[in-house]
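What follows is a set of notes on a single structure, which appears directly below.
Just so you know, ligand 1 is whichever comes first in the structure, and atom 1 is the first atom listed for that ligand. As a basis for the values below, the full set of heavy atoms in this structure was taken, side chains included, without hydrogen atoms, waters or symmetry mates.
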Amino acid sequence: MGNCTSSEKFVQECCYTHAATEKLGVLLVNIGGPENLNDVQPFLCNLFADPDVIRLPKLFKFLQRPLAKLISILLAPKTKQRYAAIGGGSPLRRITDGTGKNENPSKILRQLHANVYVGMRYWYPFMEEAIQQQIKRDRITKLVLPLFPQFSITTTGSSIRVLQRIFMHDAYLSRLPVSIIRFWYQRQGYIRSIADSIVTQLSKFQKPEEILIFFSAHGVPVSYVENAGDPYKDQIEECIYLIMRELKARGVRNDHTLAYQVSFRARVSAFTWNNNDNLSMLALQSRVGPVQLLKPYTNLVELGRKGVKSLLAVPISFESEHIETLEEIDMGYKDLALKSGIENWGRVAALGCTSSFITDLADAVVEALPSAKALSILRETAKESDCR
Ligand SMILES: C=CC1=C(C)c2cc3[nH]c(cc4nc(cc5[nH]c(cc1n2)c(C)c5CCC(=O)O)C(CCC(=O)O)=C4C)c(C)c3C=C
Ligand SMILES: [Fe+2]
């Protein structure tokens with residue numbers, strides 16, 4: 001097979017060649033979220049037990065699980081209230097299942113005879129289950145994993161680590177050619193789909209040209225970016241540059257700004273201490289203070305004070321609706337914006353199962369096929385927690 005490009009003809013050729021020789025699997029990986037309020041505490045426990053989310057110095061690794069349990073118990077009541085406000089659970093499983101069944105990519109994936117699996121990092125169906133119970137059972141011959149739009153150690157890195165841990169101990173999996181799409185924020189289909197949504201939402205305002213486009217991204221600790229080389233911040237910024245370039249090409253010249261989410265900061269800071277090696281989010285030492293997260297923080301009061309009257313919020317770091325879009329942005333931010341003098345509020349929906357976006361992701365899968373290789377660089381990793 002030659003090199004696959006995104007041109008439709010080539011995608012088709014790749015499909016035909018591939019379908020004849022391979023049994024392809026596509027694993028859609030996501031964070032996962034509690035399906036009901038009883039799931040909240042164990043879900044949080046799994047999340048905080050992840051050494052890529054809370055990095056403890058080697059000496060204190062043994063505290064990872066007890067600490068995760070403690071933090072999850074302390075955070076659960078407030079977090080339950082927030083999930084209750086969006087209907088009692090996370091929509092992530094439904095949306096990710098829907099992505100797999102979406103009509104357009106299914107056409108492409110059907111031509112490839114691809115099996116689509118869903119695997120979550122912190123809740124059911126866990127990545128481990130999808131791999132051990134379904135992928136192994138189906139004896140696929142190639143696996144593609146489109147991960148998150150931007151690479152972060154806390155999301156992409158963490159998922160790859162789980163994959164490596166599972167694959168290295170299994171004769172079949174360790175030889176299975178795998179292609180990991182480590183980020184896809186720069187893909188034209190993704191950029192254009194977001195630009196389409198922005199243009200549609202702008203047109204709903206009375207004076208679209210006066211709207212401030214407000215990109216809102218998840219925060220991560222600064223130390224991940226500055227000390228551990230997390231490319232997340234650079235990729236977020238480049239993604240916004242590409243979206244604004246696309247909008248300019250369409251004659252849209254609105255002002256824009258980027259801010260990282262703040263209530264996340266309050267939740268994280270309550271349980272973190274600064275430390276000198278700066279790699280750990282949570283280090284036990286005497287100098288107690290809040291962890292530094294990516295800036296600028298969201299400050300709607302300041303925007304109101306500066307005279308911003310109309311604002312369109314655009315969630316940028318995640319492709320599906322989730323608690324941060326539905327509760328934090330739609331409820332918390334909107335409320336605060338209106339109280340701060342911002343009179344007109346709008347929000348761009350996450351792409352979710354938007355056809356143009358999912359079709360582009362299916363193209364990305366096809367393009368990733370030639371680079372599939374057995375995961376040869378495998379490393380021993382810390383034991384996972386079992387909070388389920
Ligand atoms: C780009 C996406 C995400 C990054 C980066 C990220 C980092 C990160 N998150 C936490 C803590 C929490 N995350 C929670 C849930 C959650 N996080 C993301 C995405 C990113 N997180 C998603 C999609 C979800 C699931 C949301 C849902 O609908 O269920 C939670 C629990 C929910 C909440 O309180 O908001 C916590 C806590 C840290 C500490 C971190 C980086 C170090
Ligand atoms: Fe998160």
Exercise. What do you reckon, is NZ of Lys334 surrounded by more than 12 foreign heavy atoms closer than 6.0 Å?
Worked result: no

For this session: Report, in ascending order of atom number, the atoms of ligand 1 lying under 4.0 Å from any heavy atom of Arg82.
Result: 33 (C), 34 (O), 35 (O)

Exercise. Salt bridge between Lys339 and Asp335, side-chain N to carboxylate O under 4.0 Å?
Worked result: yes

Problem set entry | Set of ring-ring contact (aromatic ring centres under 6.0 Å, His included) partners for Trp345, sequence neighbours left out | none

Seminar exercise, completed: The atoms of ligand 1 lying under 4.0 Å from a heavy atom of Gly33, numbered in the order shown, are 29 (O)

Problem set entry | Proximal ligand 1 atoms for His322, defined as those under 4.0 Å from one of its heavy atoms | 22 (C), 23 (C), 26 (C), 27 (C), 28 (O)

For this session: Test the Arg93-Tyr124 pair against the cation-pi criterion, namely NZ or CZ under 6.0 angstrom from the six-membered ring centroid and within 45° of the ring axis.
Result: no

Exercise. With a cut-off of under 6.0 Å to the ring centre and 45° to the axis, is Arg347 in cation-pi contact with Phe214?
Worked result: no

Exercise. Which part of Ile323 is near ligand 1, with near meaning a heavy atom under 4.0 Å away: side chain, backbone, both or neither?
Worked result: both

For this session: Output the list of atoms in ligand 1 that are nearer than 4.0 Å to some heavy atom of Leu44, sorted by atom number.
Result: 31 (C), 37 (C)

Exercise. Does a donor on one side chain sit under 3.5 Å from an acceptor on the other, for Ser193 and Thr354?
Worked result: no

For this session: Using distance alone, with no hydrogens and no angle criterion, decide if Tyr83 and Asn36 have a side-chain donor and acceptor under 3.5 Å apart.
Result: no

Exercise. Between Leu326 and ligand 1, which residue portion shows a heavy-atom distance shorter than 4.0 Å: side chain, backbone, both, or neither?
Worked result: neither

For this session: Verify whether one side chain among Thr154 and Asp52 offers a donor that lies under 3.5 Å from an acceptor in the other.
Result: no

Seminar exercise, completed: Of His218, Gln261, Glu321, Glu328, the one whose closest heavy atom lies nearest atom 3 (C) of ligand 1 is His218

Problem set entry | For Pro177, side-chain contact (heavy atoms from CB on, under 4.5 Å) partners two or more places apart | Lys142, Ala372

Problem set entry | Ligand-residue contact atoms, ligand 1 with Val53, heavy atoms, under 4.0 Å | 38 (C), 39 (C), 42 (C)

Exercise. Are any of the side-chain nitrogens in Arg161 or Asp50 under 4.0 Å away from the carboxylate oxygens of its partner?
Worked result: yes

Exercise. Any ion pair linking Glu324 and Arg82 (charged N to carboxylate O, less than 4.0 Å)?
Worked result: yes

For this session: Check each atom of ligand 1 against the heavy atoms of Gly32 and keep those under 4.0 Å away; list them by number with element.
Result: 25 (C)

Exercise. Heavy-atom contact under 4.0 Å between Phe318 and ligand 1?
Worked result: yes

Exercise. Considering only heavy atoms, does Ser320 approach ligand 1 within less than 4.0 Å through its side chain, its backbone, both, or neither?
Worked result: neither

For this session: Using distance alone, determine whether Ser152 and ligand 1 share an N or O pair under 3.5 Å.
Result: no

Exercise. With a cut-off of 4.0 Å, which atoms of ligand 1 are near a heavy atom of Glu324?
Worked result: 33 (C), 35 (O)

Exercise. Which is it for Leu75 and ligand 1 at heavy atoms under 4.0 Å: side chain, backbone, both or neither?
Worked result: neither

Exercise. Which bit of Ile54 is near ligand 1, meaning a heavy atom under 4.0 Å away: side chain, backbone, both or neither?
Worked result: neither

Seminar exercise, completed: Under 4.0 Å from one or more heavy atoms of Ser90, ligand 1 contributes atoms 27 (C), 28 (O), 29 (O)

Seminar exercise, completed: Out of Tyr232, Tyr83, Phe48, the nearest non-hydrogen contact to atom 29 (O) of ligand 1 is supplied by Tyr83

